[in-house]
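Structure first, commentary second.
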Amino acid sequence: MSRYDPAITEARWQKAWDAAGAFTARRDETRQKYYVLEMFPYPSGRIHMGHVRNYTMGDVVARYKSSCGFSVLHPMGWDAFGMPAENAAMERGGHPKEWTYGNIAVMRDQMKPLGLSIDWSREFATCDPEYYGQQQSMFIDFMEKGLVYRKNAVVNWDPIDMTVLANEQVIDGKGWRSGAVVERRELTQWFFRISDFAGELLEALDGLNDWPEKVRLMQANWIGKSRGLQFAFDTLGAPEGFDRLEVYTTRPDTLMGASFAAISPDHPLAKALETGDAKVAEFVAECRRIGTSEEALEKAEKKGLDTGIRVRHPFDPEWELPVYIANFILMDYGTGAIFGCPAHDQRDFDFATKYSLPIPPVFVAEGAEEAALTEAFVPMKSERVRFVRGFAGGQVQTGEEAVNAAIEACEARGVGRGVTNYRLRDWGISRQRYWGCPIPVVHCADCGVVAEKKENLPVRLPDDVTFDKPGNPLDRHPTWAATACPSCGKPARRETDTMDTFVDSSWYYARFTSPRAATPTDAADVDYWMNVDQYIGGIEHAILHLLYSRFFARAMQICGHLPEKAIEPFNALFTQGMVTHETYATRGADGRPVWQLPEDVVREDAGARLKDGTPVEVGPSIKMSKSKKNVVDPMDIITRYGADTARWFVMSDSPPERDVEWTASGADATHKHLSRVWRLAHEVTTRGAGNPAQDEALLKAMHKTIAEVTAGIEGFAFNKAVAKLYEFTNTFSKSDASAEAKRVAMLTMAQLMSPMVPHLAEDIWSMLGGAGLVAQAPWPKADPAMLVEDTVTLPIQINGKRRAEIVVPKDMPPAEVEKIALADDAVIKFLAGQPVKKLIVVPGRIVNVVV
RNA sequence: GCCCGAGUGGCGGAAUGGUAGACGCAGCGGAUUCAAAAUCCGCCACCGCAAGGUAUGUCGGUUCGAGUCCGACCUCGGGCACCA
């Protein structure tokens with residue numbers, strides 16, 4: 001055979017790995033463990049390029065670490081609950097369970113040919129009753145530890161379909177199917193007390209040194225610690241029970257610039273006014289049509305309604321401020337009520353301008369005079385400003401100093417108290433949907449809300465459900481909810497809400513350490529395998545999934561399911577970029593976009609069309625997603641060229657943290673390169689003696705490549721590792737070194753390539769007589785003696801511009817380098833006799849002559 | 001709107017504050033071939049005949065020296081708590 005045939009070869013090596021049990025993770029106390037995990041996939045139907053990229057990256061790390069002698073755990077599972085399964089059932093009939101397990105079977109079959117070094121014996125899906133039953137058991141533990149509670153919270157309500165909508169299902173304020181204007185509606189829901197951990201989750205970020213700085217920053221901002229003043233206004237003309245209005249402000253130093261107070265439409269006072277005042281009721285109803293997302297709220301036009309109620313300024317009983325209901329005040333942050341200082345907050349400024357309220361400045365720029373404002377003056381808190389209506393601290397101070405002084409001054413006068421607030425809200429986990437983990441509690445008329453007994457777990461989802469009408473099938477199931485109260489035994493009703501799918505993904509990493517255990521985790525296994533040493537996933541999970549997992553690990557530790565060391569479950573995090581693709585859409589009858597698959601679109605110079613000629617709108621290249629249909633099927637590449645080509649391709653070129661735009665070109669070239677390497681290896685077996693005088697040069701290049709590829713893999717710069725391997729391929733190809741040197745060099749190259757293209761590497765390894773499997777061979781080490789160069793080429797700059805270069809011995813003293821540089825013909829020419837003002841010699845780097 | 005990123009040849013990208021464009025793709029030229037495929041060799045930022053000049057989204061700044069550091073802006077992307 002003189003050609004590389006992946007179709008045969010890849011299957012053969014996969015069998016060989018299986019036979020050797022190469023990827024079965026074993027608790028081996030004699031070896032250091034390494035747990036590498038990629039964020040597990042949602043079984044959407046077929047694998048896409050993002051999966052190939054993600055899992056190949058993890059595989060490179062897993063195979064590399066294994067070669068370095070670690071006992072590696074590299075598992076795979078399925079994040080299998082969620083809305084799309086129910087949507088599919090509604091659209092196409094069938095059952096979410098069949099749809100989900102069918103997708104899993106397809107995707108598993110697609111992933112296996114990739115040759116990933118996964119321990120498939122640990123596979124599970126979060127919709128397996130064995131998994132969600134353990135989750136229910138932990139929910140009950142959390143209840144016992146006071147980590148769970150119920151309260152009212154708002155949801156998007158579709159008044160036509162009579163169902164709760166996810167934010168994604170609300171488009172321009174309307175339900176995606178019914179088109180009805182969506183309302184905010186309150187429901188009693190289950191919450192995890194993540195906000196109790198706000199301070200700890202924030203502080204512990206400092207210890208996550210192997211997380212990207214940007215993720216830590218995003219999480220810190222999300223948690224949003226602030227120091228401020230909470231105080232109460234006395235009200236005038238408010239309904240009974242609302243004599244005082246509690247507000248929270250992070251800028252108490254601007255209290256003398258207050259011009260109004262504002263409350264959230266969801267504030268109890270707004271609700272009290274709503275019943276007796278048609279205008280308030282109408283305005284509040286309008287506010288409730290904005291939807292529940294913070295984005296929608298912030299983007300909506302800022303509006304308010306004067307309630308007629310007034311509050312007294314705490315420092316001046318004669319000074320009255322109007323109380324507005326304003327659509328931009330969040331009930332979930334602070335007290336749901338604020339005072340507005342338009343001079344120093346742009347949003348308040350716009351509001352005051354709109355409703356003709358006064359705009360008294362509190363401070364001006366240092367050295368400036370008080371003047372009418374055309375926009376809010378909002379300096380950095382660290383900037384010094386001159387207070388013209390201050391009441392605390394010196395006249396000139398920074399915002400920060402003023403805030404602290406104001407809190408002290410207010411506390412001294414008995415106006416409120418300094419409090420630390422967090423933006424982080426408790427985690428609402430109730431979903432009014434079928435395809436999720438049932439919340440294991442029972443509602444009893446006598447006993448109230450009671451946890452299910454653990455021996456009755458799992459509370460299984462019923463199979464006989466229908467999706468022909470909107471709403472929660474569990475709610476309308478004739479018998480499922482009927483049960484006996486675990487406490488008194490009387491007839492009672494099950495909770496019909498299921499859990500947020502983020503719960504499922506908040507502990508799967510721990511379950512992988514003992515996936516069949518009869519308890520959520522097994523002490524010996526979590527102790528050996530935790531933490532995840534390297535976690536890899538999309539940047540889109542930077543906040544929610546990762547924060548929830550950090551919370552969950554703490555909660556599990558409290559309940560005895562994780563050791564203390566695992567409260568930060570991910571030692572190192574790598575956020576890969578996304579695979580993006582252009583989007584294609586035609587227009588539906590209602591004018592809404594109808595997304596089209598790339599494979600159905602014919603791209604033309606002027607635009608794009610469907611195969612039947614329908615014009616297609618081409619949208620920007622964005623994250624591949626099922627909902628936008630801008631997905632490309634990697635299986636085409638695998639069947640045509642083999643898995644190694646797909647793997648090498650996604651590791652080349654783009655740095656892993658950067659988004660990569662998928663284009664069809666390039667796969668062919670990748671395949672050519674791999675064939676070339678194989679051919680070069682094959683030639684080694686047939687060539688003549690060669691020229692031993694060239695051996696050293698080839699082996700030096702080999703050791704340099706070992707160092708560079710190792711550094712590339714360690715540093716998650718796979719694209720650079722690949723580039724260095726290309727370079728070495730060229731060097732190898734041109735070298736006429738001896739047969740033995742070439743054999744050694746090629747064996748090493750196969751090893752260095754093996755994390756990326758394991759099948760090809762095995763083939764070359766066995767062809768050249770390598771011992772055993774390359775997958776189990778120890779990683780090569782670069783010989784430092786072979787990396788040393790004797791001379792160095794120094795560029796010479798004149799006034800920062802490169803004009804010449806000199807070759808000097810590596811360790812030449814700077815004084816001698818200076819002499820040689822100044823004696824250089826090109827340098828003399830460019831200096832043209834001008835005196836040298838300064839001469840900078842950076843040893844081994846550069847010479848700069850300043851004239 | 002708020003928080004976080006990214007922007008370098010025709011394209012993907014490389015570059016501890018030290019020769020901008022490694023490596024790859026595409027393109028061009030050549031060898032081989034009856035011809036092709038495959039393979040191999042060479043060229044390849046822009047302007048300029050050249051000397052040389054201009055170039056890392058834009059505008060400023062720090063520095064002997066800036067793609068890299070600082071400030072402002074522009075564009076694109078991610079997240080915004082019920083998409084996963």
Side-chain angles (χ1 to χ4, degrees), chain A residues 3 39 41-42 44 79 81-84 153 155-156 164-170 189 194 212-215 217-222 224 292-300 302 328 332 346-347 423-433 500-502 505 538-545 547-548 575 577-578 580 620-623 625-627 652-655 657-661 663 665-666 668-670 672-673 675-676 679 717 719-720 722-727 729-730 733 793-805 837-840 842 844-850:
Chain A
R3 278 193 57 194
M39 291 179 185
Y42 177 78
S44 54
D79 187 13
F81 276 135
M83 249 180 8
V155 293
N156 300 305
V164 176
L165 297 180
N167 283 337
E168 190 194 47
Q169 299 171 314
V170 180
Q189 312 215 54
I194 188 171
E213 184 56 33
K214 62 176 169 183
V215 174
L217 238 182
M218 279 190 262
Q219 292 217 351
N221 289 335
W222 184 261
T292 58
S293 80
E294 191 172 320
E295 184 188 1
L297 240 64
E298 288 283 347
K299 281 186 179 164
K302 309 291 180 285
F328 55 88
D332 292 311
Q346 192 56 44
R347 195 172 59 183
R423 205 184 74 97
L424 180 67
R425 313 199 289 254
D426 276 334
W427 175 11
I429 60 151
S430 294
R431 297 293 180 271
Q432 294 70 41
R433 281 194 269 278
D500 179 8
T501 56
F502 272 122
S505 54
I539 183 68
E540 69 271 25
H541 294 295
I543 297 175
L544 292 179
H545 161 61
L547 193 60
Y548 290 150
T575 56
M578 282 166 301
T580 66
S621 190
I622 54 170
K623 167 186 160 186
S625 81
K626 204 101 171 119
S627 60
S652 319
D653 289 350
S654 279
E657 68 278 12
R658 195 95 66 91
D659 285 356
V660 59
E661 181 175 3
T663 55
S665 65
D668 199 54
T670 302
K672 277 183 193 170
H673 173 75
S675 301
R676 181 180 177 221
R679 213 168 40 243
N719 56 323
K720 284 188 253 172
V722 167
K724 295 302 177 188
L725 285 162
Y726 267 106
E727 226 170 270
T729 308
N730 290 333
S733 164
T793 305
L794 288 185
I796 301 175
Q797 294 184 334
I798 295 170
N799 285 343
K801 283 193 192 292
R802 180 181 165 275
R803 297 300 186 187
E805 60 182 40
K837 281 190 201 150
K838 201 168 171 185
L839 192 58
I840 292 140
V842 184
R845 277 290 176 188
I846 203 165
V847 179
N848 194 9
V849 187
V850 186

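Here the structure is a predicted model, which is why all the values come from computation and not from measurement. Keep in mind that the numbers below use all heavy atoms, side chains included, and drop hydrogens, waters and symmetry copies. Below, read A as the first sequence line, B as the second, and so on, with proteins coming before strands; counting in each chain starts at 1.
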Touch class at under 4.0 angstrom, heavy-atom based, for [X] against every strand present:
X: A:Lys837; result: nothing
X: A:Ala542; result: nothing
X: A:Val849; result: nothing
X: A:Gln169; result: nothing

Kindly point out which of [options] is positioned nearest to the side chain of [X]?
X: A:Glu540; options: B:G12, B:G24, B:G79; result: B:G79
X: A:Lys720; options: B:A15, B:C82, B:A84; result: B:A15
X: A:Ile539; options: B:A81, B:G78, B:U19; result: B:G78
X: A:Asn719; options: B:A81, B:A14, B:G1; result: B:A14
X: A:Tyr42; options: B:A84, B:G65, B:G1; result: B:A84
X: A:Phe502; options: B:G13, B:A84, B:C83; result: B:A84
X: A:Asn730; options: B:C23, B:G13, B:G65; result: B:C23
X: A:Asn848; options: B:G77, B:C82, B:G18; result: B:G18
X: A:Asn156; options: B:C82, B:A81, B:C25; result: B:C82
X: A:Arg433; options: B:C82, B:G18, B:C83; result: B:C82

Considering only the [atom1] atoms, how many Å lie between [N] and [M], rounded to the nearest integer?
N: B:G18; M: B:C69; atom1: C1'; value: 15 Å
N: B:G57; M: B:C11; atom1: P; value: 13 Å
N: B:U68; M: B:G7; atom1: C1'; value: 14 Å
N: B:A14; M: B:G21; atom1: C1'; value: 7 Å
N: B:C83; M: B:G13; atom1: C1'; value: 32 Å
N: B:C73; M: B:G9; atom1: C1'; value: 25 Å
N: B:C23; M: B:C43; atom1: P; value: 11 Å
N: B:A45; M: B:G24; atom1: P; value: 15 Å

Result for 5'-nearest mapping on RNA chain B, choosing between A:Val722 and A:Val842, is A:Val842
Here's a test of your reading of the structure: between A:Arg431 and A:Glu657, which maps to the more 5' nucleotide of RNA chain B? A:Glu657
Side chain to side chain contact (heavy atoms under 4.5 Å, CB included) involving A:Asn719 - partner list, sequence neighbours excluded: A:Pro655, A:Pro656, A:Ala717
Interatomic distance, [X] atom [atom1] to [Y] atom [atom2] [nearest 0.5 angstrom]:
X: A:Asp79; Y: A:Met39; atom1: CG; atom2: CE; result: 11.0 Å
X: A:Gln219; Y: A:Leu544; atom1: CD; atom2: CG; result: 9.0 Å
X: A:Met218; Y: A:Leu547; atom1: CE; atom2: CG; result: 12.0 Å

What integer distance in Å separates [X]:[atom1] from [N]:[atom2]?
X: A:Ile840; N: B:U19; atom1: CD1; atom2: C1'; value: 16 Å
X: A:Asp653; N: B:G24; atom1: CG; atom2: C1'; value: 5 Å
X: A:Asp659; N: B:G7; atom1: CG; atom2: P; value: 11 Å
X: A:Asp500; N: B:C83; atom1: CG; atom2: C1'; value: 11 Å
X: A:Gln797; N: B:G17; atom1: CD; atom2: P; value: 16 Å
X: A:Tyr548; N: B:A81; atom1: OH; atom2: P; value: 9 Å
X: A:Ile798; N: B:G53; atom1: CD1; atom2: P; value: 11 Å
X: A:Gln346; N: B:G1; atom1: CD; atom2: P; value: 12 Å

With sequence neighbours excluded, tell me which residues meet salt bridge (charged side-chain N to carboxylate O under 4.0 Å, His left out) with [X].
X: A:Arg845; result: none
X: A:Glu657; result: none
X: A:Arg423; result: A:Glu294
X: A:Arg658; result: none

Between the protein and nucleotides 37-43 of chain B, are there any N/O to N/O pairs under 3.5 Å, and if so, what are the atom names and distances?
| residue | atom | partner | partner atom | Å |
| --- | --- | --- | --- | --- |
| B:U39 | O3' | A:Arg679 | NH2 | 3.4 |
| B:C40 | OP1 | A:Arg676 | NE | 3.0 |

Residue list, ring-ring contact (aromatic ring centres under 6.0 Å, His included) with [X], at least two apart or on another chain:
X: A:His541; value: A:His545
X: A:Trp222; value: none
X: A:Tyr548; value: A:Trp427, A:Phe502

For [X] and [Y], indicate whether the former's side chain and the latter's backbone hold a donor-acceptor pair under 3.5 Å.
X: A:Lys302; Y: A:Ala300; result: yes
X: A:Asn848; Y: A:Gly800; result: yes
X: A:Asn156; Y: A:Thr292; result: yes
X: A:Thr729; Y: A:Leu725; result: yes

Pick out the pairs of N or O atoms, protein on one side and nucleotides 2-6 of chain B on the other, that lie under 3.5 Å.
| residue | atom | partner | partner atom | Å |
| --- | --- | --- | --- | --- |
| B:C3 | O3' | A:Asn221 | ND2 | 2.8 |
| B:C3 | O2' | A:Asn221 | ND2 | 2.8 |

List every contact pair, protein side and nucleotides 44-46 of chain B side both N or O, where the distance is under 3.5 Å.
none

So does A:Ser652 get a side-chain nitrogen or oxygen closer than 4.0 Å to the phosphate oxygens (OP1/OP2) of B:G24? no
Each base of RNA chain B marked ( ) or [ ] if paired in-strand (Watson-Crick or G-U under 3.5 Å), | if paired to another strand and . if unpaired gives (((((((..(((.....[....))).(((((.......))))).(((....)))..(((((..]....))))))))))))....
With the 90 degree cut-off around zero defining syn, does B:G12 come out syn or anti? anti
Does A:Arg803 make a side-chain donor-acceptor contact with the base of B:U19, cut-off 3.5 Å? no
